[in-house]
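What follows is a set of notes on a single structure, which appears directly below.
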Amino acid sequence: ILSGSESTAQRLGVLLLVAALLRAGTLELLEDMEPIWIIENPEANLHPITLASIRLLISGMKWQKIISTFSGVILNSVPLYQIRRLTRFKGVVREHRINEKIFSREDLRRISFHLQTQHHLSIFARMWLLVEGESEFWIIPQLARLLNYDFTIEGIVCMDFAQSGMTPIIKLAKELGIEWYLLTDGDTAGQSYITIAKKLVPAFDARRRWTQLNAKNIEHYFWNNGYSEVYMSHARVKDKKQENLKPSMVIQRAVKNYSKPYLALSVVKYAAEKDSPGIPDELKKMIEYCVKLSREAPMNT
């Protein structure tokens, strides 16, 4: 196994695995027997590079394998349909798996890519807050912190769905037993997202699962809720010209001068100040409701 390997981390990974097998004792098999490898938390106390070598070794093992893990590296190395998510609720353990038949190959490819590159720990979450763009991705978790909620501790992942599509993400959440909530803009696209989401909710599900902003995007939403000064200052508009410019033009200039993530964090910074307009009630209620959904959701086991 060690032949051709010059990596110290890879050699160490092999030795750790061999040592574990030796501790387990000898294994005598008949010709027609196929053992099941059961490996618990292979990531424990390992450097990520060493863990990568362990992962390669495990993937090369023949026979059946059952691996329990809390590692995104291990989890993202296997196809989605091979994942089994275990949850515990009121003393009852349930197993969730993905039904491949309800997804197209393209959907599975896009979801896998999205989870591996952007949200590699999302399957361990209790709830997904689905947002349209990058601004919401940066703003909402920070606003939650101002309300004394930490999304990581609460088991909430703020997930932008532009790259993977909203429908497959919601289907995946339902298959894995993960709660979800949708935040959309007030434009035509936002309304279409809510229309699609409603079709994916069973008739017996009475939970409120979406909020639509009363503005065409989140920048205009904060402009209308007392944060125009942030965009004015970043747009570098002179006082004499402010009255002649529409909000959309000011916001466009601010985005051009900086970026949407930078503006999003600037809004959060201003929201934290004592003389700020504060967090809009609509977003405050949404964050509190998402925390409630997450706390009521089954826990990973």
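Since the model is a prediction, treat every value here as computed from it, not as a measurement.
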Side-chain heavy atoms of Met159 within contact of Val131, under 4.5 Å: no
Rounded to the nearest 0.5 Å, how far apart are CD of Gln252 and CE of Met249? 7.5 Å
Using a 6.0 Å cut-off, check whether atom CZ of Phe113 has over 12 heavy atoms from anything other than its own residue. no
Can you check whether Val291's main-chain N or O pairs, donor with acceptor, with Ser294's side chain at less than 3.5 Å? no
Heavy-atom distance under 4.5 Å between the side chains of Ile67 and Pro42, does that happen here? yes
Apply the test side-chain contact (heavy atoms from CB on, under 4.5 Å) to residues Leu115 and Leu80: give CA-CA distance (whole Å), side-chain angles for both, the deciding distance (0.1 Å), then the verdict. CA-CA 10 Å; Leu115 296 184; Leu80 282 173; 4.1 Å; yes
Report the relative orientation of the aromatic rings in Phe70 and Phe124; use parallel for angles under 30°, tilted for 30 to 60°, perpendicular for over 60°. tilted
Any heavy-atom pair between the side chains of Leu265 and Lys260 that's under 4.5 Å? no
Nearest non-hydrogen partners of Pro277 and Gly226, listed with the distance: CG-O, 3.2 Å
Is any side-chain N of the basic residue among Glu95 and Arg85 closer than 4.0 Å to the acidic one's carboxylate O? no
Closest heavy-atom pair and its distance - Arg253, Ala235: CB-CB, 3.8 Å
Strictly below 4.0 Å, N to O, side chains only: are Glu288 and Lys285 in salt-bridge contact? no
Donor-acceptor side-chain pairing of Tyr231 and Ser266 below 3.5 angstrom: no
Kindly check if the number of other-residue, nucleotide or ligand heavy atoms within 6.0 Å of CD (Glu40) is above 12? no
Is it the case that Thr69 and Glu43 place a side-chain donor and acceptor less than 3.5 Å from each other? yes
Go through Glu132 and Tyr193 one step at a time and tell me if the side-chain contact (heavy atoms from CB on, under 4.5 Å) criterion holds. CA-CA 10 Å; Glu132 288 192 52; Tyr193 288 137; 3.4 Å; yes
Give me the atom names and distance for the closest heavy-atom approach of Asp205 to Val201. CB-CG1, 3.5 Å
The reported gap from SG in Cys158 to CD in Gln142 (rounded to nearest 0.5 angstrom) is 10.5 Å
Would you say that Ile39 contacts Ile66 through its side chain, given a criterion of any heavy-atom pair below 4.5 Å between the two side chains? no
Measure the CG-CD distance between Leu283 and Glu136 for me, rounded to the nearest 0.5 Å. 9.5 Å
Please work out whether the ring planes of Trp210 and Trp180 are parallel, tilted or perpendicular, with thresholds of 30° and 60°. tilted
Could you check whether atom NZ of Lys284 has more than 12 heavy atoms from other residues, nucleotides or ligands sitting under 6.0 Å from it? no
Check this for me: Trp138, atom CH2, are more than 12 non-hydrogen atoms of other residues, nucleotides or ligands nearer than 6.0 Å? no
What one should report as the nearest heavy-atom pair of Leu182 and Ala197 is CD2-CB, 3.9 Å
Step through the shown structure and confirm whether more than 12 heavy atoms of other residues, nucleotides or ligands are within 6.0 Å of CD on Gln212. yes
How far does CG of Leu172 sit from CD1 of Ile123, to the nearest 0.5 angstrom? 6.0 Å
Scanning both residues in full, the closest heavy-atom pair of Tyr270 with Asp275 reads OH-O, 4.2 Å
Does the pair Lys292/Glu296 count as a salt bridge with the N-to-O cut at 4.0 Å? yes
Give every donor-acceptor pair under 3.5 Å between a side-chain atom in residues 215-222 and any protein atom, sequence neighbours left out.
residue	atom	partner	partner atom	Å
Asn217	OD1	Glu219	N	3.2
Asn217	OD1	His220	N	2.9
Asn217	OD1	His220	ND1	2.8
Asn217	ND2	His220	ND1	3.4
Glu219	OE2	Ser135	OG	2.6
Tyr221	OH	Glu282	OE1	3.2

Shared hydrophobic cluster, Val268 / Tyr258 (ILVMFWY, side-chain heavy atoms < 4.5 Å): no
Heavy-atom distance under 4.5 Å between the side chains of His96 and Leu86, does that happen here? no
Kindly say whether the aromatic ring centers of Tyr262 and His234 come within a distance under 6.0 Å. yes
State the CD1-NZ distance between Ile170 and Lys199, to the nearest 0.5 angstrom. 12.5 Å
I'd like to know whether Lys174 forms a side-chain contact (heavy atoms from CB on, under 4.5 Å) with Ile178, so could you lay out the CA-CA distance, the side-chain angles of the two residues, the decisive distance to 0.1 Å, and finally the verdict. CA-CA 6 Å; Lys174 292 169 63 179; Ile178 298 173; over 6 Å; no
Side-chain (Ser164) to main-chain (Ile111) donor-acceptor, under 3.5 angstrom: no
Between Trp128 and Ser122 (side chain of the first, backbone of the second, donor and acceptor by atom type, cut-off under 3.5 Å), is there such a pair? yes
Decide yes or no for Cys290 and Met127: does some side-chain heavy atom of the first lie under 4.5 Å from some side-chain heavy atom of the second? yes
Tell me whether Asp185 contacts the main-chain N or O of Asp187 through its side chain, where contact means a donor paired with an acceptor under 3.5 Å. no
Can you tell if the side chain of Tyr289 reaches within under 4.5 Å of the side chain of Thr211, non-hydrogen atoms only? no
Give the minimum heavy-atom separation between Arg110 and Gly165, together with the two atoms involved. NH2-N, 3.9 Å
Can you tell if the side chain of Arg109 reaches within under 4.5 Å of the side chain of Arg105, non-hydrogen atoms only? no
Strictly by modelled atom types, are Arg207 and Tyr181 linked by a side-chain donor-acceptor pair under 3.5 Å? no
Within 45° cone of Tyr81 ring axis and under 6.0 Å: Arg97 NZ or CZ: no
For the pair Ser112 (side chain) and Leu108 (backbone), establish whether a donor and an acceptor sit closer than 3.5 Å, ignoring hydrogens and angles. yes
Using a strict 4.0 Å threshold on nitrogen-to-oxygen distance, state whether Arg126 and Glu154 make a salt bridge. no
Audit row: Thr184, Leu213, side-chain contact (heavy atoms from CB on, under 4.5 Å) steps and yes/no: CA-CA 6 Å; Thr184 70; Leu213 301 176; over 6 Å; no
Asp107 CG to His114 NE2 distance, which is reported to the nearest 0.5 Å: 13.0 Å
